Amino acid sequence: MSRYEPRAIEERWQEVWEREDAWRVAGPGEDGFDPSRPSAYVLEMLPYPSGEPHVGHLKCYAVGDAIAHFRRRNGFQVIHPMGYDSFGLPAENNAIKTGEPPLEATTRSIESFSRQFREWGISIDWSREVATHTPEYYRWTQWIFLQLLEAGLAYRDRAPVHWCPEDATVLANEQVVDGRCERCGTEVETRNLEQWFFRTTAFADRLLTDFDLLESWPEHVVTMQRNWIGRSEGAEVTFRCEEAGIEFPVFTTRPDTLFGATFFVLAPEHPDLERLVAGTDAEEPVRQYVNQVSREAPGARAEGDRPKTGVPLGKTVTNPVNGEEIPMFVADYVLMDYGTGAVMAVPAHDERDYGFAREFDLPIRRVIEGEDPDAPGDDDGLPYTGDGPMVNSGRFDGENNREAYPEIVTWLEEEGRGGPSVNFRLRDWLVSRQRYWGAPIPVVHCPDCGIVPVPEEDLPVILPEVDDYAPKGKSPLEAATSWVEVACPACGSDARRETDTMDTFVDSSWYFLRYLDPDNGTAAFDRAKADHWMPVDQYIGGVEHAILHLLYARFVVKALADLGHLETVEPFRNLFAQGMITRDGAKMSKSKGNTVSPAEYVERFGADSARTYVCFMGPPERGGDWTDEGVEGVNRFLARLWRIASDLAPDEPDPAAARCPDGVDGPARELAAKASWAIDKATRDFSRDFQFNTVIAAVMELVNEAYRLRDELEGSESGRAVLRYSVATAASLIQPFAPHLAAEVWAMLVGGEVWREPWPEADPELLTSETVEIVVQVNGKVRDRIEVAEGAGEEEVLALARSAGNAARHLEEGEVVKEVFVPGRLVNFVVRGA
RNA sequence: GCCCGGAUGGCGGAACGGUAGACGCGGCGGCCUUAAAAGCCGGUGUCCCGAAAGGGGCGUGCGGGUUCGAAUCCCGCUCCGGGCACCA
C-alpha cells in the first residue's frame, strides 16, 4: 500500500492550476466576462511583505480561500486577487541599519510571500497582482491625493502634531496608542509643524450613518469605530470675559447643568491665553505652567486618575444664564483639540470638574437632585451624573433636567448665546510623513504661486534614490537636490518639490479598486469595472485593523464616490475578523521564540494539512493555540481520506461516482444517508458564520462512516459504488480547505476537476429515516429511548413511551399530571407525588 | 471606570429552549507485526450500587429566577481576554 504524499500531490495540482489559469476571472470589458452569472468579490487584507508569511497570514488566506472556493462552486464568478502593501517602515529601518535599499529587501520579501502563497495553493487570480511601492501603483495613489486636494479634502496646516522621536516622523492620532508610537512603542512628543491632512471629519456623520448600509460586520468592530468617531450631541454656549472683551464659546453635552458652572477652564494651548494674562500677576505662573505641560509627554497627560493641576488666570467670565462672574483657570485636563479648547466647569455634575474643584477648593453647586439622596460618595453623592429634578436653576427649578435640556438650548439660541451643537472625537487624518519609503506627495512649493499640484499628466512623481535613509527630522528626500529642485508647473520659476511622503495607510485605502483594473494606464480604475465588482462581498482580516485601515478605506471610498469616480460608498459589505493564533497560550513573537513558521509545516505535512488545521482549530473568528498534535491529527484525517480513495479507485475513474447510486438499502443506504447528512450539515455551517470547524468535523464523520461500513460494502459492486460516491463526496466537501487532496481524490474516483464541480446537493429522501429515536423523560430526566416510525403521532408515541421498561418504572412513582410531546424528538411525563 | 467577548471532560472545541460532551487531540485496551513505526478496531465526564446485564446520583465559572424541560432565556456576581479611557 502506498502512502499519502502531500508534497507530490500539491505540486502536481498547482501546476495544473497555473497551466489552466484556473482562478482567472474577467470583469466587464474583459475577455471571457459572463454578465449572466452572478459575481462575488472575496478579499483578504493585503499583506505587508516582510521576511516570510506567518501563521496569521496562513489563517487569513486559508479562510478567505475557503470562502472563495465555496462561492465559485455555488455558481459565482469570484474575483480573488492578491497584492502587497509594500511601502513602509520595516524595510526602511532595515535600510538604515544595513544600507540595503528598501526596494531590494521589499522585492525579496514579495518573492518569498508570492512563492509561499502559491505553495499554499491559494486560488488567486495572479494576473491582478499589485504592489503599492511600484510607480504604476503609486501614480494613482498620488492621483487620489490630487483629487482630494482639488476637492478641498486634502489641506496643509500648522498644528500641534504627534512626533515619534524614534521613527523621526509625525504620526496620525490613530497611530498613537497610550501616548506611544503604535509602531515602535516610543513615547511620542508634541510638535508644532505644518503638515498635510485629509479631511476625514467632513465625513464624520456619514462614517457613522453608513454603518446601516453594511450587511454583516462584527458588532465589536462597528462599536470600536463608533467610539473612535465619538459623536456627541450637545450645545455651544458663549461665555464672555468683559474685562478682556473676549468671547469664549464652549461645547457641552450638559447645557442642563449651566446653572451649576462655578468656574471656567482653558486648555494650556488656548490661543487667547497669552492675551488674557499679559502684564498681570498671573502672567509668570501661567507661562511656567504652560511650559511645564508642553514638556510633558502627551501620554502622561492622558492619564485620567492623576491629580488635577492648573493655574488661576485672575480673570472672570460671565455665565450667560444667570449673569454670574466665575473665575478662569488654565488646566491641562482641558484639551485644545476637542471642542473649543475651553470648558465650563460644573463640579457638582462632572467628575473631572469635581476633581479640580476639590484640588483648588472651589465652590460646588448642586443643580440636579439625585433620585437617591443617600447615594454613596462624598458631598452627598457628588459628583452626580444622573438625571433628576433641577434646583438652584432659576425658573427651571423643579423641572426634570431632561425636559429642561431642550428649553435651555432654545433659550440660548434666542438670546444669541449659543445653540445646539455636535462634536466629534474624530480628527482629520494626518497623512504626511518625513520618511523615505512611501509615495511622494505630488505637489510643488513655489515662492510665487504657493502650493501647486503636480499636473496629472506628470504623474507619477517618482521616488528618487538617495544614499542615506536615516531620518533627520525632515524627509531623507531633502537630500535628493536634483529631484527637489524643479520648475513651478504653474509659472515656471524655481520651485521645490514637497519632500514628505504619504502615510502607507493611504496606499492600502484603495488597493481593492486597483485589483479590478490593474493594468489601466490612463486611470486608477475603470468605473464600469468598479461598479460591477464593488463593494467587496466578503472582506477578511485581523481585528487589529478594526479602526485604522477600515476607517481610512471607508473615507477614501466615500470621497471617490462623492467625486463621481465610483458608485459604492461603503467598500466592504461583509467583514470577517479572524482571531489570533497563539502558541503555548501566548502571542507569537520573535523575542519569545514561540513563532510558528508555516513553511516548516507545509514541508512536513503539506499545505492542505496546514490550511485545514487552522480552519479546524475552532470558530475562525476566535483565536486558538497552535499545537503540533493538532496539525498531525488533521494530517492523519487527510491521509485516511486519501488511503480509502486510493484503495477504492478503479482502473479508470468513473463519472458515475459523482452521484449517489439509486435504490440502495441496508448498510449502503446508511452510508449514502451519512453522505447526504454531511452535505447538508457542511452547506449549512458554511453559510452560517463560517463554522469551518464543524464543516470539517462533518466530513470526518463521513469518512469514519465509510471506514466503518467498508468491509460490508466492498464485496458487492453496488456497495463499492456507494463507497466511491461517499468518498468522492467527502473530497468534494473538503475541497475548499484541502483543494489539492480533493482534486487528487476526485480525479482518481470520478475523473475531472473538482474545483469546477458544483457544490454537492443532499438527497432529501436520504435526510429522513424510517424510524427515529424518541427520548422518554420523566420530570425532565432521560429515562428511556424508544424507536418509533418517522412521523408517528402523539397518541402512538405516548403509549409506547408509557410502556417503555425503564420509563414505566419511574411513572409508577406518582401521578402523571402532564405529558409533553415534541414530534420526532422526545416526550416528557410530569409526575407528581413521587 | 466604561464598552465588547469568553468560561462546557485531561486539552481544542460540539450542542434550532428538548439525548450535554459531535469532531479532533491525549491517554487506555485490542488486532496486525519476530518487534517497532504506520495502520485498523474499541473504550474514555465523574461518583455510587451490581459478578454482569443494568440502574442511580452529580455534572456546562458562582447565586437566584422563568419553564414540563436551561450550557442555551432573565436578574445579580466572580474570574479571564480584548478595546476605549481627562473627548467636556
Side-chain angles (χ1 to χ4, degrees), chain A residues 1 3 177-178 218-224 226-228 230-232 234 250-254 257 265 267 301-306 308 331-335 337-346 350-353 355-356 423-427 543-544 546-547 579-580 582 585 613 616-619 621-634 636-637 639-640 643 681 684-685 691 693-701 703-704 707-708 710-711 773-785 805-806 809 817-822 824-831:
Chain A
M1 196 200 290
R3 291 171 61 92
V177 179
D178 286 336
E219 195 194 295
H220 67 280
V221 173
V222 175
T223 306
M224 277 162 78
R226 277 189 199 286
N227 291 342
W228 188 265
R231 181 181 201 273
S232 18
V250 299
F251 173 73
T252 177
T253 53
R254 298 296 305 274
T257 63
V265 191
R301 184 166 163 190
E303 267 166 48
D305 48 359
R306 64 179 194 164
K308 297 277 181 286
D332 69 355
Y333 82 90
V334 176
L335 308 176
D337 53 4
Y338 184 79
T340 61
V343 302
M344 65 175 212
V346 185
D350 180 282
E351 282 177 36
R352 297 150 302 180
D353 298 339
F356 191 84
N423 247 276
F424 293 91
R425 209 187 84 116
L426 182 75
R427 315 282 152 75
V543 232
E544 62 273 21
I547 295 177
M580 201 178 43
T582 55
Y613 172 60
F616 182 64
M617 291 171 84
E621 71 275 13
R622 270 194 251 164
D625 205 54
W626 179 282
T627 63
D628 285 9
E629 291 79 11
V631 196
E632 283 163 23
V634 168
R636 200 145 44 215
F637 155 67
R640 230 164 114 79
R643 204 177 312 114
K681 168 91 176 148
R684 274 185 291 120
D685 289 357
Q691 287 256 318
N693 52 330
T694 56
V695 172
I696 295 164
V699 185
M700 287 174 168
E701 283 195 56
V703 172
N704 288 346
Y707 268 87
R708 189 174 73 82
R710 172 181 186 176
D711 287 347
E773 192 184 61
I774 301 281
V775 166
V776 182
Q777 294 183 340
V778 177
N779 288 339
K781 291 197 171 173
V782 180
R783 296 304 182 186
D784 226 321
R785 291 144 216 268
N806 196 42
R809 262 212 351 264
V817 296
K818 186 171 180 169
E819 295 169 332
V820 180
F821 173 67
V822 183
R825 294 222 87 133
L826 60 67
V827 297
N828 185 16
F829 297 106
V830 184
V831 172

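Just so you know, these numbers come straight off a predicted model, no measurement behind them. Just so we're on the same page: letters track the sequence lines, and every chain starts at 1. Atom set for the values below is all heavy atoms of this structure, side chains included, hydrogens, waters and symmetry mates excluded.
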Taking only the side-chain nitrogens and oxygens of A:Arg226, find out if one of them lies under 4.0 Å from OP1 or OP2 of B:rC4. no

What is the separation between atom NE2 on A:His220 and atom P on B:rC4, rounded to the nearest whole Å? 13 Å

Using atom P of each nucleotide, how far apart are B:rG26 and B:rA37 to the nearest Å? 14 Å

For the pair made of CG in A:Leu826 and C1' in B:rU19, what is the distance, rounded to whole Å? 8 Å

Mind calculating the distance between CG (A:Asn693) and P (B:rG13) to the nearest angstrom? 9 Å

Taking any heavy-atom pair under 4.0 Å as a contact, classify A:Arg783: base, sugar-phosphate, or nothing. sugar-phosphate

RNA chain B: 5'-proximal contact among A:Ala639 and A:Glu219 (nearest heavy atom): A:Glu219

Tell me what A:Glu544 touches on the nucleic acid: a base, only sugar-phosphate, or nothing, going by heavy atoms under 4.0 Å. nothing

Sticking with atom C1', work out how far B:rG17 lies from B:rU72, rounded to a whole angstrom. 7 Å

Checking all strands, does A:Gly624 fall into the base, sugar-phosphate, or nothing category for heavy-atom contacts under 4.0 angstrom? nothing

Fit a plane to each ring of A:Phe356 and A:Tyr333, take the angle between them on a 0 to 90° scale, and name the class: parallel (under 30°), tilted (30 to 60°) or perpendicular (over 60°). tilted

Separation between the P atoms of B:rC68 and B:rC62, rounded to whole Å: 25 Å

Between A:Lys781 and B:rC58, does any side-chain N or O lie under 4.0 Å from OP1 or OP2? yes

Side-chain ion pair, A:Asp350 and A:Arg254, N-O less than 4.0 Å: no

Between B:rA15 and B:rU60, how far is it from one C1' atom to the other, in whole Å? 11 Å

Using a cut-off of strictly less than 4.0 Å, decide whether A:Arg643 has a side-chain nitrogen or oxygen near OP1 or OP2 of B:rC40. yes

Considering only the C1' atoms, how many Å lie between B:rU19 and B:rA70, rounded to the nearest integer? 15 Å

Can you find a pair of side-chain heavy atoms, one from A:Val830 and one from A:Asn779, that are under 4.5 Å apart? yes

In whole Å, measure the gap between the P atoms of B:rC3 and B:rU46 for me. 40 Å

So which nucleotide from B:rA22, B:rC68, B:rG26 ends up closest to the side chain of A:Ala697? B:rA22

Does A:Arg636 put a side-chain nitrogen or oxygen below 4.0 Å from OP1 or OP2 of B:rC23? no

Integer angstrom distance from the P of B:rC31 to that of B:rG9: 34 Å

Distance in angstrom units between A:Asn704 CG and B:rG39 P, rounded: 14 Å

C1' atom, B:rA20 versus B:rU33: distance in rounded Å? 40 Å

Can you give me the dot-bracket string for RNA chain B, 5' to 3', counting Watson-Crick and G-U wobble pairs with both distances under 3.5 Å, using [ ] for crossing pairs and | for partners on another strand? (((((((..(((.....[....)))(.((((.......)))).)(((((....)))))..(((((..]....))))))))))))....

